[in-house]
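First the structure, in the form of structure tokens, and then the observations on it.
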Amino acid sequence: MTVERLFDEYGHFKRFQACLYFAAVFQAIACGIHYLASVFLVETPNFVCSIPGNITDVLYGNITGTSLESILPVMKPAGGPLVVRTSEGEQWELSQCRCALRIDPQDFTYDYYGNKTMKECSGNFVYDHSEIHQSIVTDWDLVCEKEWLAKLCQPTFMLGVLIGALLFGDIADRIGRVRILMFTSVCQFGLGVAVAFSLNYYLFVVLRFLLAMVSSGYLVVVFVYVTEFTGSKVRTWTSMHIHAAFAVGIMVVALTGYLVRVWWIYQIILSTCTSPFLLFCWKFPETPFYLMAKGRYKETQALLDMIARFNGLECRLKAEDLLEQVNMENGKALLEREEEERSTQPEKKLSILDLFGSWRMAGRSCTVWAIWFIGSLGYYVFSLGSVNLGGNQYVNLFLAGAVEVPSYLVGCFAMDRIGRKKTCAPALLLAGVACMLIIVVPPEIESLAIALSMIGKFAVAIAFGLIYLYTCELYPTVIRSLAVGSGSMMCRVGSVVAPFCVYLADVWIYLPQLIVGILAFIIGVLTLLLPETLGKPLPTTLEEAESLGHNPSKKKSTLDTKNAEDGLELNQHGAKA
């Protein structure tokens, strides 16, 4: 088929394609929203154990007060307990997960060296509501021995992302792209609102898991959809800037989190902000590539007529014109040759082992997988971990999304001018250097640490955005889908690991960024060993793929020249004879 001819006739990105593109990308904002919504859904404020009795006095170091609510906003979890006195005269030392009753205290002082009776919290806690009015942590007391339940929310969501990508990507090839886009869009809205009305933690996790599946499904299929509706001249830009819509979703999360501090209202607002898409997504047409592949030529013709009318052009292209026309004799000869080769050579079934068929391909595959992994790991570590960097957490998350938009612009320009490898490797090296420099930043200069983290996010986003196209160009047709699919699997592994990496901030606030930085630097160095693919045709065989970036030796060139000269001389002798 020569469906690409459609874009030569009707434009690579004219009015019709632009309307479809921006409408489809608008809903991709919802994917960014749901992926990062848990940053504030599971936020844990300051808290201490609750005790029986009315509290009349509170001490925290040199700070005094009459209620826990007045002291909790300035309390530091590692700074010591709160000391309280009740109306009955009892004195308690309150920490986050236990409390101690002082035995026969003489005076009400912060320091006490007498005997104490230690008690575990019995599920009653007092939370600081000055910043977070309500989160699932405060509603369901997901602290102390239940803290792991709160930390499990994002990994289970990412597991749903992995399964959704595998499931909906396959179904879209069977029943069409549009049906999946419509189904996942409706489900994103319905499940997103349903999450807000979860009656308990377990229902919340299940609904979020299903929400992750449909969000991932939409994101996977929309890449294919916009690619099949835009011409080759703009595909790099259109595919890269779907990521920009995802980044807008991150900024929406930060803005909504700042304005709304009650988790279920916050969830409803996030779920409904892209709902206008549902009003017109049912009018989306199926892609011409899919219609032609399924032999639905009447629908293809109707689509061609629609595109022509919408773009203000004369409808002169017919569906049959998109079928490849060959000379009958040549076609017959090709068919006979193909049949003969098929009968003499059994068809070889390719597997993931073919990505490691030689030392050259094995090294390439390991490096490509590593780029997919660090791209996803770094992306989510910088996004999820931005709220732990100090300063205003809402501004940090907003900046983490905002720096992505220019990164894709820079990435697109650099890919088409200096090459894929020369863009990817420096980006990873820059991310590594920026993250490792965080070690030497003094604790009091939070703004510098945040700036270095944003530089790391900027650089990782460039590498993460281009690896899909770079992988397609590094592998031959016979295993290209396998290579992209396996790389995508490594990407999902990175996204599942990322939340656990972020939790290492409890050990040291900058440890997640340091881990990403070291890995990014090492993988950036390995990326320098990959071949450049800019301006080179896509390889069709394993031999062509292996030869990428491999210059033949001078000896071989000399031998080929000599053989050519010998052949020419032989032909001349034959002509004379």
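Computed from a predicted model, the values in this text were never measured in an experiment. These values consider heavy atoms only, across backbone and side chains, with no hydrogens, waters or symmetry-generated copies.
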| task | Report yes if the side chains of V221 and T184 come closer than 4.5 Å at any heavy-atom pair, otherwise no. | result | no
| note | Looking only at heavy atoms, the pair that brings A37 and L270 closest together is CB-CD1, 4.0 Å
| task | Only one of L526, I371, V433, T423 passes side chain to side chain contact (heavy atoms under 4.5 Å, CB included) with L428; say which it is. | result | I371
| task | Please find out if less than 6.0 Å separates the ring center of F398 from that of Y258. | result | no
| message | Would the distance check show the side chain of S216 and the main-chain N or O of V161 forming a donor-acceptor pair, the cut-off being under 3.5 Å? | response | yes
| Do the non-hydrogen side-chain atoms of L219 and Y35 ever get within less than 4.5 Å of each other? | yes
| said: One pair to check against side chain to side chain donor-acceptor pair (under 3.5 Å): W372 and S486. What are the steps and the verdict? | reply: CA-CA 9 Å; W372 279 96; S486 62; over 6 Å; no
| request: Rounded to the nearest 0.5 Å, what's the gap from CZ on R98 to CD on E120? Could you check? | output: 5.0 Å
| request: Report the residues that fulfil salt bridge (Lys or Arg N to Asp or Glu O under 4.0 Å) with E90, sequence neighbours left out, ordered by chain and then residue number. | output: none
| said: Centre-to-centre under 6.0 Å for Y510 and W508, is that the case here? | reply: yes
| Once you round to the nearest 0.5 Å, how far does CG of L152 lie from CG of L142? | 11.0 Å
| Could you walk me through whether V84 and V48 pass the side chain to side chain contact (heavy atoms under 4.5 Å, CB included) check? | CA-CA 11 Å; V84 301; V48 291; over 6 Å; no
| said: Could you go through S135 and E43, starting from their C-alpha distance and side-chain angles, then the distance that decides it, and tell me whether this counts as side chain to side chain donor-acceptor pair (under 3.5 Å)? | reply: CA-CA 6 Å; S135 72; E43 195 172 3; over 6 Å; no
| Can you tell me how far SG of C435 sits from CD of Q513, rounded to the nearest 0.5 angstrom? | 6.5 Å
| Does any N or O in the side chain of Y60 come within less than 3.5 Å of the main-chain N or O of P81, such that one atom is a donor and the other an acceptor? | no
| note | In terms of heavy-atom contacts, A247 and G401 come closest through CB-O, 3.4 Å
| query | Below 6.0 angstrom between ring centroids: does that apply to Y127 and H133? | reply | no
| request: Please check if the distance between the ring centroids of Y218 and F183 is under 6.0 Å. | output: no
| said: For the residue pair W92 / T86, report whether a side-chain donor-acceptor contact shorter than 3.5 Å exists. | reply: no
| request: Without swapping roles, check the side chain of N124 against the backbone of S50 for a donor-acceptor pair under 3.5 Å. | output: no
| query | With a 6.0 Å cut-off on ring centres, are Y379 and F382 close enough? | reply | no
| remark: Between the CG atom in L437 and the CG atom in L514, the distance rounded to the nearest 0.5 Å is 11.0 Å
| query | Crowded around N200 CG? As in, over 12 foreign heavy atoms under 6.0 Å? | reply | yes
| Which atom pair, heavy atoms only, marks the closest approach of F209 to L159? | CE1-C, 4.0 Å
| field | Aromatic ring proximity F47/F125, centre distance under 6.0 Å | value | yes
| field | Closest non-hydrogen atom pair, A28 against I242 | value | CB-CG2, 4.3 Å
| query | Is there a side-chain contact between R208 and M213 (heavy atoms, below 4.5 Å)? | reply | no
| request: Output the distance between atom CD (Q134) and atom CD1 (I132), rounded to the nearest 0.5 Å. | output: 11.5 Å
| Shortest non-hydrogen contact from W140 toward L199 | NE1-O, 4.0 Å
| Centres of the F40 and Y394 rings: under 6.0 Å? | yes
| task | Test L397 against every option in V253, L255, N392, L384 by the side chain to side chain contact (heavy atoms under 4.5 Å, CB included) rule and name the one that passes. | result | V253
| said: Walk me through whether I71 and I63 qualify under side chain to side chain contact (heavy atoms under 4.5 Å, CB included). | reply: CA-CA 8 Å; I71 304 297; I63 304 173; 3.6 Å; yes
| task | Verify side chain to side chain contact (heavy atoms under 4.5 Å, CB included) between W264 and S198, making sure each step is shown before the conclusion. | result | CA-CA 9 Å; W264 58 273; S198 302; over 6 Å; no
| said: Under a 3.5 Å distance rule, please check whether S495 uses its side chain to pair with a backbone N or O of R492 as donor and acceptor. | reply: yes
| Do the non-hydrogen side-chain atoms of M436 and F521 ever get within less than 4.5 Å of each other? | yes
| field | Neighbour count above 12 (heavy atom, 6.0 Å) for N115 CG | value | no
| field | Y112 (side chain) donor-acceptor with V83 (main chain) under 3.5 angstrom | value | no
| request: For the cysteine pair C144 and C97, state whether the SG atoms are less than 2.5 angstrom apart. | output: yes
| Test item: R102 and E93 side chains (from C-beta on) under 4.5 Å apart, heavy atoms | yes
| Does a side-chain heavy-atom distance below 4.5 Å link V460 with I374? | no
| said: Determine whether a donor-acceptor pair (N or O, by modelled atom type, separation under 3.5 Å) exists between the side chain of S376 and the backbone of F373. | reply: no
| said: Please check this pair: side chain of T272 against backbone of I269, looking for a donor-acceptor N/O pair closer than 3.5 Å. | reply: yes
| Under 3.5 Å: donor-acceptor pair, side chain of S185, backbone of L278 | no
| message | Under the criterion ring pair (Phe, Tyr, Trp, His ring centres under 6.0 Å), I'd like the reasoning laid out for W237 against F413: C-alpha separation, chi angles, the key distance, then a yes or no. | response | CA-CA 9 Å; W237 287 84; F413 277 113; 5.1 Å; yes
| said: Ring of Y225, cation from R177 - is the NZ or CZ under 6.0 Å from the centre and inside 45° of the axis? | reply: no
| request: Assess whether side chain to side chain contact (heavy atoms under 4.5 Å, CB included) is satisfied between C273 and I33, documenting all intermediate values. | output: CA-CA 10 Å; C273 64; I33 286 173; 3.3 Å; yes
| request: Would you check, one step at a time, whether the test ring pair (Phe, Tyr, Trp, His ring centres under 6.0 Å) holds for F277 with F284? | output: CA-CA 11 Å; F277 177 80; F284 274 27; 5.6 Å; yes
| request: Check whether any side-chain heavy atom of Y266 lies under 4.5 Å from a side-chain heavy atom of R261, and answer yes or no. | output: no
| Going by heavy atoms in the side chains, are F246 and L36 under 4.5 Å from each other? | yes
| message | Would the distance check show the side chain of Q267 and the main-chain N or O of G192 forming a donor-acceptor pair, the cut-off being under 3.5 Å? | response | yes
| task | Give me the one residue out of F157, W263, F197 that meets ring-ring contact (aromatic ring centres under 6.0 Å, His included) with F204. | result | W263
| request: Report yes or no: does K116 contribute a side-chain atom to a donor-acceptor pair with the main-chain N or O of L101 at less than 3.5 Å? | output: no
| query | Which atom names give the shortest non-hydrogen contact between S386 and M454, and what distance separates them? | reply | CB-CE, 4.5 Å
| In Å, rounded to the nearest 0.5 Å, how long is the span from CG of D128 to OG1 of T44? | 12.0 Å
| request: Check whether more than 12 heavy atoms from other residues, nucleotides or ligands sit under 6.0 Å from atom CD of E88, and answer yes or no. | output: yes
